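Notes follow the structure.
Note that the numbering runs from 1 along the sequence shown for the chain. Everything numeric here is computed off the predicted structure, so don't read it as measured data.
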Amino acid sequence: MFGKSTLASLLGATLIASAIIATPATAQTPAPIWTGLYIGAHGGGGWGETGGEDAIDLSGGLGGLHGGYQWQSGNFLIGAEGDIAFGNISGEDNEIQRQNFFGTRVTSRLSIEASANTVASLKGRLGYVAGPVLLYAAGGVAFTWLDIDANASVSGGGQTFRQSLEGSDVLTGYTVGGGAEMKFTNSISGRIDVSHFGFNDDFSGGGIDIDDADLDFTVVRAGLTFHLN
């Protein structure tokens, strides 16, 4: 036989269990601490190359601003972000050829420098939230302001002929990448990400015309973000 105290304990346990079962599942859903507007600054370095037979290796640094809006639902996040960075991811190729023309030694030199001095993008973000940590993938459209300097000279018979061309144009391409972000406080987070940029667009400027100018580089960045939620 159960005593009154035992029956009271059983009834109490039953009521507690019923209350737990009746609690909506949404009560355990993570709080949407990532939802809202944000703006920040970032900087880093990159490397890559131009396309074609005479590829130019590129390297350098960039720094700039980013901002956007994102929505968190449970452990998942979706958002849109724009960024712009300034710097100099560049490289140079030098070629020297020596030949004999009818007994005259002729030396030709060609120097081409390519420099991506500004990079901007508009992209979507998909992420997974684990408390103060956000892991995300991103991708969208990208733009780069590309400068090309070409210098050529031909020397022979005591004479030298030179020609220089400088051109700038904006190339349109794509960017894909991902990263991790962590909130230090409700309003401040730090991020590390990797973004690959690819461009295959016509270049025209300063007398330099290139069909399907090919340019690819990858940038590793660290940044600080301020959340306005």
Side-chain angles (χ1 to χ4, degrees), residues 41-66 81-123 138-177 193-223:
H42 60 264
W47 65 93
E49 65 178 8
T50 64
E53 295 181 359
D54 299 319
I56 301 174
D57 292 330
L58 307 172
S59 63
L62 292 169
L65 301 173
H66 60 266
E81 180 175 293
D83 62 53
I84 186 167
F86 308 94
N88 187 22
I89 295 183
S90 62
E92 186 175 4
D93 180 61
N94 295 286
E95 296 183 6
I96 299 176
Q97 293 184 353
R98 294 180 174 87
Q99 297 176 319
N100 287 316
F101 285 96
F102 304 102
T104 300
R105 189 171 181 81
V106 176
T107 301
S108 59
R109 293 179 173 86
L110 176 62
S111 174
I112 300 177
E113 181 179 1
S115 174
N117 55 65
T118 305
V119 180
S121 69
L122 295 172
K123 54 197 175 186
V141 61
F143 310 90
T144 186
W145 282 252
L146 180 66
D147 293 338
I148 296 179
D149 295 342
N151 296 279
S153 67
V154 177
S155 301
Q159 294 183 329
T160 300
F161 301 92
R162 294 184 176 88
Q163 184 177 14
S164 298
L165 296 174
E166 297 181 9
S168 299
D169 200 4
V170 179
L171 304 185
T172 301
Y174 71 91
T175 180
V176 292
D193 64 23
V194 179
S195 297
H196 178 76
F197 296 87
F199 302 92
N200 193 309
D201 199 5
D202 293 341
F203 180 98
S204 179
I208 302 175
D209 295 305
I210 304 174
D211 294 332
D212 299 325
D214 194 2
L215 177 67
D216 291 272
F217 55 86
T218 300
V219 178
V220 179
R221 308 178 297 188

Note to self: I need the Asp149 CG to Asn151 CG distance, nearest 0.5 Å.
What the structure shows: 6.5 Å
Notebook entry, point to check: Taking only residues two or more places apart in sequence, or in another chain, which ones meet Ser168 in a side-chain contact (heavy atoms from CB on, under 4.5 Å)?
Noted result: Asp147
Next item on the list: Hey, could you give me the CZ/CG distance between Phe199 and Leu146, rounded to the nearest 0.5 Å?
Entry: 9.0 Å
Checklist line | Partner of Phe197 under side-chain contact (heavy atoms from CB on, under 4.5 Å), chosen from Ile89, Asp216, Val176, Thr175 | finding: Thr175
Next item on the list: List in chain and number order the residues that pass side-chain hydrogen bond (donor to acceptor under 3.5 Å, both in side chains) with Thr218, two or more places apart in sequence or in another chain; answer none if no residue qualifies.
Entry: His196
Checklist line | Nearest atoms (heavy-atom pairs only) where Leu65 meets Ala41 | finding: CD2-CB, 4.1 Å
Check: CG of Asp169 to CD1 of Ile148: how many Å apart, nearest 0.5 Å?
Finding: 8.5 Å
Margin query: If you compare all heavy atoms of Lys123 against all heavy atoms of Gly139, which two are closest, and at what distance to 0.1 Å?
Written below: CB-O, 3.1 Å
Next item on the list: Identify, with sequence neighbours excluded, every residue that meets side-chain contact (heavy atoms from CB on, under 4.5 Å) alongside Thr172.
Entry: Val141, Phe143, Asp201
Checklist line | Residues forming a side-chain hydrogen bond (donor to acceptor under 3.5 Å, both in side chains) with Ser121, sequence neighbours excluded | finding: Asp83
Donor-acceptor list for residues 207-215 side chains, cut-off 3.5 Å, not counting sequence neighbours:
| residue | atom | partner | partner atom | Å |
| --- | --- | --- | --- | --- |
| Asp209 | OD1 | Ser204 | OG | 2.7 |

Notebook entry, point to check: Are more than 12 heavy atoms from other residues, nucleotides or ligands located less than 6.0 Å from atom CD of Glu166?
Noted result: no
Next item on the list: Would you check, one step at a time, whether the test side chain to side chain contact (heavy atoms under 4.5 Å, CB included) holds for Tyr174 with Asn200?
Entry: CA-CA 9 Å; Tyr174 71 91; Asn200 193 309; over 6 Å; no
Margin query: If the condition is side-chain contact (heavy atoms from CB on, under 4.5 Å), which residues does Ile84 pass it with, not counting sequence neighbours?
Written below: Phe86, Thr118, Ala120
Next item on the list: Only counting residues at least two apart or in another chain, list the ones meeting side-chain hydrogen bond (donor to acceptor under 3.5 Å, both in side chains) with Thr160.
Entry: Ser155
Check: Just how far is it from atom CG of Leu58 to atom OG1 of Thr50, taken to the nearest 0.5 Å?
Finding: 6.0 Å
Checklist line | Straight-line distance of His42 NE2 to His66 NE2, nearest 0.5 Å | finding: 7.0 Å
Item checked: With sequence neighbours excluded, residues passing side-chain hydrogen bond (donor to acceptor under 3.5 Å, both in side chains) with Glu92 -> Ser111
Notebook entry, point to check: How close do Ile56 and Gly91 get, heavy atom to heavy atom, and via which atoms?
Noted result: CG2-C, 3.4 Å
Next item on the list: Name all residues meeting the side-chain contact (heavy atoms from CB on, under 4.5 Å) criterion together with Asn88; count only those two or more places apart in sequence or in a different chain, and write none if there are none.
Entry: Ser90, Ser115
